[in-house]
Structure formats: structure tokens, C-alpha cells
Protein chains: 2
Amino acid sequence: MSGSIQSVERAAAILRLLGGGERRMGLTDIASTLGLAKATAHGILRTLQQEGFVEQDAATGRYQLGAELLRLGNSYLDIHDLRARALVWTDDLARSSGESVHLGVPHQGGVLVVHHVFRPDDSRQVVEVGAMQPLHSSAMGKALAAFDPVVRTQLLAADRPRFTARTVTGRRDVEDLLEVVREQGWASDLEESWEGLASVASPVHDRRGVAVGAVGVTGAVERVRESRDGAVRPALVAAVRDCARAVTRDLGGGRFRIN
Amino acid sequence: MSGSIQSVERAAAILRLLGGGERRMGLTDIASTLGLAKATAHGILRTLQQEGFVEQDAATGRYQLGAELLRLGNSYLDIHDLRARALVWTDDLARSSGESVHLGVPHQGGVLVVHHVFRPDDSRQVVEVGAMQPLHSSAMGKALAAFDPVVRTQLLAADRPRFTARTVTGRRDVEDLLEVVREQGWASDLEESWEGLASVASPVHDRRGVAVGAVGVTGAVERVRESRDGAVRPALVAAVRDCARAVTRDLGGGRFRIN
DNA sequence: GCGACCGGTCGACAATGCTGAACGGCATCG
DNA sequence: CGATGCCGTTCAGCATTGTCGACCGGTCGC
């Protein structure tokens with residue numbers, strides 16, 4: 001029986017449902033959305049609640065995600081090998097570039113941010129660790145898709161929503177873009193995800209040469225580009241690629257690889 | 001049948017096992033630790049892996065926590081009402097106190113950090129969101145235990161490991177300490193958890209008056225205390241209590257409550 | 001105060017997942 | 001270099017376990 005455990009699968013579906021979209025959901029909602037009997041959903045929810053993965057609002061009886069997920073998510077970060085090795089390099093990159101630095105890994109058709117170094121000034125910033133970035137419009141996403149065939153397939157298969165006027169959505173256009181990224185070894189995002197924000201990213205490879213993550217800097221488009229509508233600042237590109245190369249080397253891979 | 005779903009319970013146990021202690025575990029280890037048949041553990045692990053909650057090292061075959069947990073943990077933060085309301089106040093507290101600020105909620109016999117504002121200088125700091133603090137030796141833990149009977153019971157029931165020479169471990173001592181905290185409305189941690197670090201914390205109450213969280217500042221003991229072996233800086237205590245009171249008020253509760 | 005809705009419960013059925021044993025690959029050790 | 005253990009994985013049969021539909025009791029809104 002190489003199938004999956006049904007109840008665990010359903011529990012995961014419930015968690016995913018609670019994690020995306022509505023903040024709180026009622027039992028009936030959850031059950032009907034997933035096509036389950038109310039009693040079935042209730043049993044799973046009761047167990048998840050008991051384990052801390054789900055909490056129930058005492059007043060309204062509605063369900064939401066639980067604190068245990070935050071704790072375990074943090075444990076995941078402790079485990080993360082790539083992240084541990086990248087810590088020191090990304091710190092340096094943030095200092096030298098003066099911009100905030102992200103480390104992302106491919107996850108479920110997107111890029112999951114596993115590390116985030118704040119821009120080294122006193123401005124108010126929010127932690128983005130645990131957040132997702134789109135594959136088709138983020139620098140890290142394109143860097144990963146260009147070097148990992150699996151991610152590339154995901155990118156081409158999924159729909160690519162338009163976030164700004166500069167978002168590239170056409171399949172042909174995306175494919176050409178990835179070709180360029182593969183040739184030059186780095187990717188950019190010039191106001192393709194958010195107005196006014198630009199990023200530069202480069203992939204990190206493990207010892208077998210597969211792209212396991214990407215390092216990127218993000219900042220105001222005025223600081224990332226040389227001039228209005230100009231090219232990305234070469235020094236920034238060099239710094240990002242240096243960082244990505246350093247992490248790759250640290251992972252024990254890429255001795256013979258160029259990125 | 002008010003029991004729990006067995007397989008979901010076991011899946012949660014596996015996740016908790018992977019989250020605490022060993023970074024990676026083999027199937028046999030996991031199964032024997034939890035008293036499960038290998039095949040049973042394998043089925044659950046396969047499902048968890050498929051859902052992204054667990055990852056398997058391709059080389060060694062060992063299992064570790066998966067990225068989906070980080071994503072969901074982040075979603076939990078988005079949901080968190082207390083955290084959302086506290087954001088602006090904790091920012092102000094960090095600025096005015098010049099120290100790093102934490103917001104914690106009681107969770108599984110400890111304090112789970114749900115928000116963390118960096119000390120407003122350029123020093124290198126790591127995000128502690130998702131980390132746990134002990135009830136008996138942290139300022140937030142004591143603040144929560146003093147005002148929430150459930151947490152208080154947990155604190156008295158659990159064993160209280162000694163972290164430094166100043167950690168209070170005796171049951172009688174802890175009870176007296178909590179009494180003082182309840183009277184004065186705030187708690188401190190003077191090198192009881194880590195050498196050189198001190199904290200001050202005050203509880204946040206919801207509209208029904210129960211302590212749902214705690215706000216605390218943490219810094220070098222030399223900056224928190226007025227003098228060597230002196231009292232905690234009154235201005236710092238006032239700032240923390242102001243912040244906690246503000247959040248409580250924001251939650252719609254505590255109009256008649258003093259903390 | 002009536003109705004509709006919601007969360008929760010109950011008991012029966014059978015589908016589901018658990019169990020013990022056996023397989024194949026890998027590394028180690030003799 | 002073959003034997004031996006260890007480990008992750010698979011298999012098939014059995015009964016435990018979770019699922020289902022119908023049924024409560026409370027609450028909100030009309």
C-alpha cells in the first residue's frame with residue numbers, strides 16, 4: 001500500500017486551508033471546502049487543537065492556526081544547513097551593499113524566504129522569513145528556475161499573475177528571460193513584483209551542482225539601478241554573485257561550477 | 001468517541017520529535033522512540049514528506065522537518081491578533097528604551113516569542129520569533145505565570161532547570177516571587193536565564209482580564225540595572241508597563257484593570 | 001419566540017491504516 | 001572479497017480505527 005495516510009493528508013489539507021486566505025474558519029466551512037463530513041473534520045481539528053497546531057477562538061468557535069507551528073517552523077530554521085552556512089556571508093553582503101538580503105529556497109511553486117538580513121540602517125523593517133515569493137517575478141525565483149529544471153517546469157506550468165506593469169507573464173518571454181539568466185548567472189526583478197522595489201539574485205548550488213537556494217538583495221529601484229531606466233549597478237551584481245559563490249563553496253560544491 | 005485521531009496524533013508526535021533534540025533522525029530511531037512499528041512510522045513520514053512537513057536527506061535517508069512548517073508558522077503570525085495590535089507599541093518601546101523588545105504568549109509550559117523588535121543600533125542580532133523561553137527564569141514567563149493560574153500551575157508542576165547561579169528553582173521561592181510580581185505588576189529576570197542578560201516584562205490582558213501575553217525588554221544587565229547589584233531602572237519598568245497597558249487597552253480589555 | 005445555522009456528539013459500518021515479516025541496498029567487518 | 005548486520009522500504013492480511021449521516025443543543029437574527 002504505497003498510498004498516503006488519509007487522515008494525515010486531510011490534517012495537512014486543513015492546515016494549508018487555514019494558512020491561506022481566511023484568517024479564521026468555521027467547522028462547516030472547513031468541512032464543505034474540503035468535501036469532508038462535519039464529524040470527520042471535527043475529529044481531525046480536535047486532534048490538531050490538542051497538539052497545538054490549531055487554536056479555537058473560545059468566543060466564536062472558529063478555528064485558526066496554532067502556536068506549535070511557529071515553534072516547529074523555528075526548529076526548521078535551526079536544522080537548515082544552507083541557512084546556517086549562509087548566515088555570515090549574507091551579513092557581509094548586507095553591509096557591503098547597504099540593502100536588505102534574502103536567502104530563499106524553492107518550495108511549492110514559489111520561493112520560501114529562510115533568511116533575511118535587514119538593510120543596515122535604522123528604518124523600520126519587518127521580518128520576511130517564512131514568507132513566499134513568486135517564481136516568475138522575483139529575482140530569487142528566476143535565479144532558481146533558470147538553474148533547476150524542476151523549478152523551471154513549475155514556473156512554466158503555473159499561472160503567472162501580473163503584479164505591476166513590468167511583470168513578465170508570457171510563457172515565451174519567461175523562457176527567453178530564463179535563458180539570459182542562465183547565461184549571465186544572475187537574475188533581476190525591476191519593479192516586477194512591487195512598484196518601486198528591485199532585486200538582484202544569484203543561485204547557490206550544492207555539491208552535486210543542483211540549485212538549492214538563491215541569495216538576493218532588495219532595495220529601492222533608484223538605488224539598485226545606475227540611472228533611471230538604466231542597467232543594474234554592476235557592483236551590486238558582483239557583490240551578490242560573490243556571496244552566492246561563497247555560500248556554494250561553503251556547501252562543498254561548485255568548485256568547478258561558475259555562477 | 002471523544003478520543004483523538006490516532007494517526008494525526010502520531011504524526012504530531014513525529015514532528016515534535018524531529019523538532020526537539022536531534023536534527024535528523026533515521027526511521028528506525030523514530031519508530032523505536034515512539035514505540036511504533038517501522039512500517040507505521042514510515043507511512044506517516046511518507047505522507048508528511050509528501051505534504052512538505054518533513055524532508056528526507058537523499059543521501060542518508062534520514063528525516064528532518066520540512067519547509068511547509070516555516071510557511072505555516074509565518075501564516076500563524078499573520079493571524080495573530082495580539083501580535084498585530086502590539087506591533088506599533090513594541091516599536092515605540094524599543095525606541096524609547098533603546099533595548100530589544102519581545103512579545104510572548106504562553107505555550108506548552110513555556111513562553112513562545114511571537115514578536116521581536118531589534119535593539120535600535122547596528123549591532124548584529126538574530127531574530128528570536130518562534131523561540132521558546134522558560135517560565136521560571138524569564139521575565140515574560142514570570143509575568144504570565146503570576147497572572148494566569150493555568151500557567152502558574154504549569155510552572156510549579158514542571159521541573160525548573162538551573163541556567164545560572166541566579167536562577168530561582170525552589171518551589172517555595174518561585175511562589176513568593178510570583179506573589180511579588182502579582183503585587184507590583186511586572187517581573188524581572190536578572191541573569192537568571194543567561195549570564196549578563198536582564199529583562200523586565202509586564203503582562204497583557206484581553207477583554208476578559210486573562211493574561212494572554214507579555215511584553216518585555218531585554219538588554220545587558222549593566223544597562224537594565226541602575227547600579228551593580230542595584231534595582232531595575234524605574235524608567236525602564238515604567239516604559240514596559242506603559243507598553244503592556246497600551247496593548248491591553250488596544251485589545252479592548254483592561255479598562256478597569258491595573259497592571 | 002421562531003427558524004435557521006452552527007459546532008459538537010453518537011453509534012454502526014467498513015474502509016483504513018496498523019502490524020509483523022520479508023526484501024534489497026549499503027556499508028562495515030572479518 | 002564474501003558475509004553480516006543495519007537501514008529504509010514494501011507487502012498482504014486482519015481488526016482496529018476513522019469515517020459517515022443523522023441527531024442534539026445552543027445562539028444569532030429576523
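These numbers were taken from a predicted model, which means no experiment stands behind them. Throughout, a chain's letter reflects where its sequence line sits, starting with A, and its residues are numbered from 1.
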C:dG8 C1' sits how many Å from A:L36 CG, rounded?
16 Å

Any N or O donor-acceptor pair under 3.5 Å from the base of C:dG20 to the side chain of B:K38?
no

To the nearest angstrom, the CG-C1' distance between A:L34 and D:dT19 comes to 15 Å

Donor-acceptor side-chain pairing of A:T47 and B:E9 below 3.5 angstrom:
no

Here's a test of your reading of the structure: between A:I5 and A:A39, which maps to the more 5' nucleotide of DNA chain C?
A:A39

Watson-Crick or G-U counterpart of D:dC24, or none if no pair lies under 3.5 Å
C:dG7

Charged N to carboxylate O below 4.0 Å: is that the case for B:R85 and B:D81?
yes

Base, sugar-phosphate, or nothing for B:G26, non-hydrogen atoms under 4.0 angstrom?
sugar-phosphate

Under-4.0 Å side-chain N/O to phosphate OP1/OP2 contact, A:Q56 with C:dG8
yes

Quick one: does B:H116's side chain have a donor or acceptor within less than 3.5 Å of a partner on B:E128's backbone?
yes

When you measure from the side chain of A:Q6, which nucleotide among D:dT19, C:dC18, D:dT9 comes out closest?
D:dT19

Can you check whether B:S7 has a side-chain N or O nearer than 4.0 Å to OP1 or OP2 of C:dG17?
no

Rounded to whole Å, the CD1-P distance (B:I30 to D:dT9) equals 10 Å

Please check: side-chain N/O of A:N74 versus main-chain N/O of B:V129, any donor-acceptor pairing under 3.5 Å?
yes

Distance, rounded to the nearest Å, where B:E9 contributes CD and D:dT16 contributes P:
18 Å

B:R160 side chain to B:L155 backbone, donor-acceptor under 3.5 Å:
yes

Measure the distance from CG on A:D57 to P on C:dG7 and round it to the nearest whole Å.
12 Å

Over how many whole Å does the gap from B:D29 atom CG to D:dG8 atom P extend?
8 Å

Does D:dT19 have OP1 or OP2 under 4.0 Å away from a side-chain N or O of A:R10?
yes

For C:dG7, does either OP1 or OP2 sit under 4.0 Å from a side-chain N or O belonging to A:H42?
no

Tell me whether the side-chain N/O atoms of B:T28 come closer than 4.0 Å to OP1 or OP2 in D:dG8.
yes

Separation of B:L48 atom CG from C:dG17 atom P, in whole Å?
13 Å

In this structure, how many angstroms lie between the P atom of D:dT10 and the CG atom of B:L27, rounded?
11 Å

It should be established whether A:Y63 places a side-chain nitrogen or oxygen under 4.0 Å from OP1 or OP2 of nucleotide C:dG8.
yes

